[in-house]
Protein chains: 2
Amino acid sequence: MDLAGSLELLWGDRPGPRRGPKPALSHELIARTGIGIADAEGLAAVSMQRVAAELGFTKMSLYRYVPGKSELVALMADLAMGAPPADLGDGDWCDRLRAWTLALLPGFLRHPWVLEVTTGPRVVGPNELAWMESALAVLDGTGLGGAERMDALSVLAGHARNIAQQVATTPGGDPGTQLGAILFEVVRERGDRYPAVQAALTESMDEGGQDKGLDFGLDLILDGLRARVATRARWPTSHDSTTLPATPTKISDP
Amino acid sequence: MDLAGSLELLWGDRPGPRRGPKPALSHELIARTGIGIADAEGLAAVSMQRVAAELGFTKMSLYRYVPGKSELVALMADLAMGAPPADLGDGDWCDRLRAWTLALLPGFLRHPWVLEVTTGPRVVGPNELAWMESALAVLDGTGLGGAERMDALSVLAGHARNIAQQVATTPGGDPGTQLGAILFEVVRERGDRYPAVQAALTESMDEGGQDKGLDFGLDLILDGLRARVATRARWPTSHDSTTLPATPTKISDP
DNA sequence: TGCTTTTGTGTATGGTAGACACAGTTATTC
DNA sequence: GAATAACTGTGTCTACCATACACAAAAGCA
């Protein structure tokens, strides 16, 4: 949770010191080791002890490279997501936004712990910022305002996160199937209390059970975005939305 | 992470035992104490020790009520979100879905740790299922398929989560402002590498900085949903979307 | 050759979750 | 009423965890 520490670790490229023994490790090596552990055994298995042991060093040696565990995890997350694809295809901005969102998924699926780690306030790393840059570049020249471009990006990334989380919960994986079965069982036993859930679940199973949630949400969002872009293109200075309520919704104080 | 334990704790209403001393505590009392700590000092401050001390008991006594910490946290989360509003207003299904999504926000804002805790596979609790029921009841009779209703629910809830997370990061709160400033500073120093981000950020600040992300995304999603409902109403048996690609996107194996 | 900086390590502290045995309390049963 | 069984709260114990600090060895610089 040390913002300054994370900032320094993620963004500060310190010049290598001149005296003393050569460092045997590096930020990248340590982070990649942590990523390997988190991928294989979950984030809970990542401890300074464990990472150091994997590298053949003592845990205290890691503190020569990393100010603390939370900063290491932040580094792991940024590294695990990697850089955005250099090419999003030849389509229009809409197709490329779709490609961008789809490109986000493999990272989340390969490293599910990134989802846990990137909830809540944090310092954005170089790769995360590069992903933002990649999407915002696509949205440039659409006529959307700056805040609107950021919001669109956020909605799309949120959808990718959402789908990744569902995939991690629902499908093939051993505990996943169990979870889906548990939900169904719970609802089945209490069908009178949750009739709409029961109806949706059984209907969904009868439909064949193909997961179309990814495309469903993506189409939803991109269609809406296209409509708004068309509006902005006609009246570039107007910031009103066709369906925006007269007074924007105020988030009530918690 | 003990699925069976969480299931029993969240859903099992065991008959009170007949012999022995009356229990001095209860699931609810313990969970509410944990919620208080998490709200005030963050999830990291919640430990068995701490909760027990707050109640004037030893930590081991809690294990008479709760199988472990993760199960306690699951109970806390379900309790903290509470039940959905009984009445979503008099509007059409679209207005009521908007009201449902907005009703989700105060819980997330009051208990930001719920976001962290509800990422990843988990057993849904009674309150979470009641929220699902509430939204699915609204979507009943719209002509959407079962899976589509679930997907719509998921996109809306995901948007609420997304916004709550942004609010926790961006605005008034002391560390939040700092974070926004940090992002801006990082981008400003490296404007050549992230021109689109810089443009969007500065443009966003010039626009006045009012957060319209909530309505922006909500309108996006609801507009798209309305269009799809209209399609289904005309051809209720068709499951095609107007913009769905010929072949649904396959999630590539991680 | 000394001086200084830097690395890796060993030790110590205070925190965590949880297993287990035990004593005291209470309702049921003989 | 007495014996028994079940249940609660507690004290003790283990095995981890992050991390502060001091120290010795190593390597460049004077």
K.L.:
Give me, pair by pair, the N or O atoms of the protein and of nucleotides 24-26 of chain C that are less than 3.5 Å apart, along with how far apart they are.
P.N.:
unit_1: C/dT26; atom_1: O2; unit_2: B/G20; atom_2: N; d: 3.4

K.L.:
Would you kindly give the OH-to-P distance between A/Y65 and C/dT7, to the nearest whole Å?
P.N.:
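Distance, rounded to whole Å: 6 Å.
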
K.L.:
Using salt bridge (Lys or Arg N to Asp or Glu O under 4.0 Å) as the criterion, list what pairs up with B/E28, not counting sequence neighbours.
P.N.:
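Listed in chain order: B/R32.
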
K.L.:
Just by distance, with hydrogens left out, do B/Q166 and A/S154 show a side-chain donor and acceptor under 3.5 Å apart?
P.N.:
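Yes, because at least one side-chain N or O of B/Q166 sits under 3.5 Å from a partner of the opposite role on A/S154.
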
K.L.:
I need the A/I35 CD1 to A/L75 CG distance, nearest 0.5 Å.
P.N.:
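It comes to 7.5 Å.
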
K.L.:
What distance do B/W131 atom CH2 and B/D78 atom CG have between them, rounded to the nearest 0.5 Å?
P.N.:
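Here the rounded value is 11.5 Å.
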
K.L.:
Can you check the B/L55 CG to D/dT8 P distance for me, whole Å?
P.N.:
16 Å

K.L.:
Roughly how far apart are B/L25 CG and B/R64 CZ, rounded to 0.5 Å?
P.N.:
12.5 Å

K.L.:
Produce a footprint string for nucleotides 17-24 of chain D: one letter per nucleotide, 5' end first; B if the base is under 4.0 Å from any protein heavy atom, S if only the sugar-phosphate is, - if neither.
P.N.:
SBBBBB--

K.L.:
Would one find a side-chain N or O of A/T58 under 4.0 angstrom from OP1 or OP2 of C/dT9?
P.N.:
yes

K.L.:
Taking B/R50 first and then B/E41, would you say they form a salt bridge - that is, a charged N and a carboxylate O separated by under 4.0 Å?
P.N.:
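Between B/E41 and B/R50 there is a salt bridge, with a charged N closer than 4.0 Å to a carboxylate O.
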
K.L.:
Under a 3.5 Å threshold, yes or no: a donor from one side chain and an acceptor from the other, between B/T118 and B/R161?
P.N.:
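Yes - a donor-acceptor pair under 3.5 Å links their side chains.
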
K.L.:
Can a salt bridge be assigned to the pair B/E133 and A/R193 using a cut-off of 4.0 Å between side-chain N and carboxylate O?
P.N.:
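Looking at A/R193 together with B/E133, the answer is no, because their closest N to O distance does not fall below 4.0 Å.
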
